[in-house]
Trainee: 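Questions regarding the structure given below will be posed in turn.
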2 protein chains.
Amino acid sequence: MTRVEAEGLIAHDVLAVVLRMTPSSPEVLLWQRAREPHDGRWALPGGRLGATEDVEASVRRHLAEKVDLGEVAHVEQLSVFSDPHRGPAPRRVATAFLGLVPSDADPAVPGDTAWHPVDALPETAFDHGTITTAGLDRLRAKLSYTNIGFALAPEIFSISELRGLYAAALGHRVSATNLQRVLTRRGVLVPTGSTAAPGPSGGRPAALFRFSERSLRVTDPFATLRPPDRDC
Amino acid sequence: MTRVEAEGLIAHDVLAVVLRMTPSSPEVLLWQRAREPHDGRWALPGGRLGATEDVEASVRRHLAEKVDLGEVAHVEQLSVFSDPHRGPAPRRVATAFLGLVPSDADPAVPGDTAWHPVDALPETAFDHGTITTAGLDRLRAKLSYTNIGFALAPEIFSISELRGLYAAALGHRVSATNLQRVLTRRGVLVPTGSTAAPGPSGGRPAALFRFSERSLRVTDPFATLRPPDRDC
DNA sequence: GAGGTTTTCGCCTGTTGGTCGAAAACAGGG
DNA sequence: CCCTGTTTTCGACCAACAGGCGAAAACCTC
């Protein structure tokens, strides 16, 4: 046992599951390792926690090396991964984050970095496959009771586009009727008044919407067992 | 800068917000520090992450020093607290957990340890007040869409007792009618068939219930925007 | 203008949660 | 033994909400 291990000092990493929706499937941002351990495998972006930053600042700093931070619309903490055998020695503890990139953004990425559909991941390094799944699960859950869709969608979009994004994230079909009604009733979606140009094969032009807020908010009906009389 | 700081090695602690419901208010388990820093202030139970354990195993180990682990019905990870200035140097990162103790348990605790109502906390050490609030917020949210009440209630209980626990945790009155209907419909509550003895002033004897499962489960209606046809 | 395509909107239905009041089941006192 | 007070339970009603369907609207090309 080395001196630092005896003192209980541990290397702390931050990692980000950065997701983007495509018409067919969610994609996660991975980079290919070029050295041992796990040479050649694909890993989540991240790196060491610095001495003067908290974990969120750290993950943003490391993310900036792989993707334009302006394109990342939302970042939130996921969970700590600390199994002593999650990687080869020496031991490393990682705080994982979820990052979301709107579907219309196509940020430039370094040569070792690429988007991979989550249902056909390459061989991943360490426990990064598990962490990716945890990120997607979190997104799916929050789509139901928050306005987190703002981080997947362009500024302006039609209900059809939004339905495609929700369907890709959730993995099942979504009713456009219901989606519009639920999100507008909750006040997360507001009409812009303008309409999009119809497609090449015609069709009624789609009304365009935007999210009322572009930061995370939990919507009301989340809380069953409410206080009486709507107050407290 | 010392050698270990240059290497990015950081002390990692685990902390637990252990909550218990009383008729008047939630209580959190705190112990009084007997040395600097923050000598005399009250702190959450916890300690260093060991070399051969993950964070959950670690928090259970440290918790066992303060309270009988058999009385802790549920433990889950909350969040990482990593502000470089959350305490005096040297820097420490902490993974916080939420622990729940049923209301009928009254575990023996060491002399430096005591339960404190969360609405009248003593002067707390470091950021432990903030962490306590985060724990209570998590509990309140999960009461709505999971069966987490199992960790607050005795094995067998009446609806009135359960209503008291929910009211204490949520901070507002709860309808007994609605609570019973919602929880039984979701299948988290099942009647035992037996009834309790009436109180000293009479009254109809209360039917007794128990939770169908004593491990965390997310209940269905949580997911709005369901897949079509109830399948998929 | 006719036919095809896409989106939008109104209507209906089943489920859920909130509220209220009546009824049930007990104790104690006259 | 009946009446009152107390506590719990249950049924009924209502409002809000999500899911589904089909008609209508608004565009295209031919």
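To find a chain, count down the sequence lines: A is the first, B the second, and so on, and within it residues start at 1.
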Trainee: Is there side-chain contact between B/L152 and B/H74, with heavy atoms separated by less than 4.5 Å?
Mentor: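 SC-SC contact between B/L152 and B/H74 ruled out.
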Trainee: I need the CD-C1' distance between B/E161 and D/dT7, as an integer number of Å.
Mentor: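 It works out to 13 Å between those atoms.
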Trainee: Report yes if at least one side-chain N or O of B/Q180 is closer than 4.0 Å to OP1 or OP2 of D/dT8; otherwise report no.
Mentor: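 No, outside the criterion.
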Trainee: What's the CZ-P distance between A/R173 and D/dA18, to the nearest Å?
Mentor: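 Whole-Å distance recorded here is 19 Å.
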Trainee: When you get a sec, tell me which of C/dC9, D/dC27, C/dC26 is the closest nucleotide to the side chain of B/P198?
Mentor: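 Looking only at heavy atoms from C-beta outward on B/P198, the closest nucleotide is C/dC26.
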Trainee: Verify side-chain contact (heavy atoms from CB on, under 4.5 Å) between B/V118 and B/L19, making sure each step is shown before the conclusion.
Mentor: CA-CA 9 Å; B/V118 294; B/L19 296 178; 4.2 Å; yes
Trainee: Measure from CZ on A/R204 to P on D/dT29 and round the result to the nearest Å.
Mentor: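 In whole Å, D/dT29 P lies 19 Å from A/R204 CZ.
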Trainee: Check this one for me: any side-chain N or O of B/R186 less than 4.0 Å away from OP1 or OP2 of C/dG17?
Mentor: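 Yes, because at least one side-chain N or O of B/R186 sits under 4.0 Å from OP1 or OP2 of C/dG17.
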Trainee: Starting at the 5' end of DNA chain D and moving along, which residue's nearest nucleotide shows up first, A/P200 or A/T177?
Mentor: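 The residue whose closest nucleotide sits nearer the 5' end is A/T177.
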Trainee: Take A/T195 and B/G202, find for each the nucleotide of DNA chain D with the closest heavy atom, and name the residue whose nucleotide sits nearer the 5' end.
Mentor: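 Looking at DNA chain D, the more 5' nearest nucleotide goes with B/G202.
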Trainee: Could you tell me how the ring of A/F211 sits relative to the ring of A/F150: parallel (under 30°), tilted (30 to 60°) or perpendicular (over 60°)?
Mentor: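 Rings of A/F211 and A/F150: perpendicular, over 60°.
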Trainee: In whole angstrom, give the distance that lies between atom CG of A/L189 and atom C1' of D/dA18.
Mentor: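 Spelled out: CG on A/L189 to C1' on D/dA18 is 16 Å.
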Trainee: Please check this pair: side chain of A/D127 against backbone of A/R86, looking for a donor-acceptor N/O pair closer than 3.5 Å.
Mentor: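 Here the side-chain-to-backbone pair does not exist.
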Trainee: By nearest atom, which of the nucleotides C/dT8, D/dC27, C/dT19 is closest to the A/I159 side chain?
Mentor: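 Selected nucleotide: C/dT8.
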Trainee: Students often get this wrong, so: under 4.0 angstrom with heavy atoms, is A/A207 touching a base, only sugar-phosphate, or nothing?
Mentor: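 Sugar-phosphate, no base atom in range.
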Trainee: Is the phosphate of C/dT7 approached by A/S158 (side-chain N or O, under 4.0 Å from OP1 or OP2)?
Mentor: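 Answer is no, no contact under 4.0 Å.
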Trainee: Looking only at the side chain of A/R185 (C-beta and beyond, no hydrogens), which of the listed nucleotides D/dT9, C/dT19, D/dA18 gets closest?
Mentor: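 Selected nucleotide: D/dA18.
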Trainee: Nearest-Å distance, CG (B/L170) to P (C/dG18)?
Mentor: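 From B/L170 CG to C/dG18 P: 11 Å.
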Trainee: Between the base of C/dC26 and the side chain of B/S201, is there a donor and acceptor pair under 3.5 angstrom?
Mentor: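 By the distance-only test, no, there is no pair.
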Trainee: Would you say the side-chain atoms of B/S160 and B/S158 include a donor-acceptor pair closer than 3.5 Å?
Mentor: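 Short answer, no.
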Trainee: Can you find a heavy atom in the side chain of A/L143 that is under 4.5 Å from one in the side chain of A/Y166?
Mentor: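 The answer is yes; the side chains approach within 4.5 Å.
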Trainee: Is B/A176 touching bases, backbone alone, or none of the nucleic acid, heavy atoms closer than 4.0 Å?
Mentor: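 Nothing: the residue B/A176, judged by heavy atoms under 4.0 Å, touches no strand.
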Trainee: In whole Å, I'd like the distance from the CZ atom of A/R163 to the P atom of C/dT6.
Mentor: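 It works out to 11 Å between those atoms.
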Trainee: What is the distance, to the nearest angstrom, from the CZ atom on A/F209 to the P atom on C/dT7?
Mentor: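 Result: 12 Å.
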Trainee: The side chain of B/S160 lies closest to which of these nucleotides: C/dC26, D/dT8, C/dT8?
Mentor: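 Among the listed nucleotides, the one closest to the side chain of B/S160 is D/dT8.
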Trainee: To the nearest Å, how far apart are A/L179 CG and C/dT8 P?
Mentor: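 Atom CG in A/L179 sits about 12 Å away from atom P in C/dT8.
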Trainee: Is there a donor N/O on one and an acceptor N/O on the other, under 3.5 Å, for the side chain of B/R181 and the base of C/dG18?
Mentor: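 Answer yes: a donor N or O sits under 3.5 Å from an acceptor.
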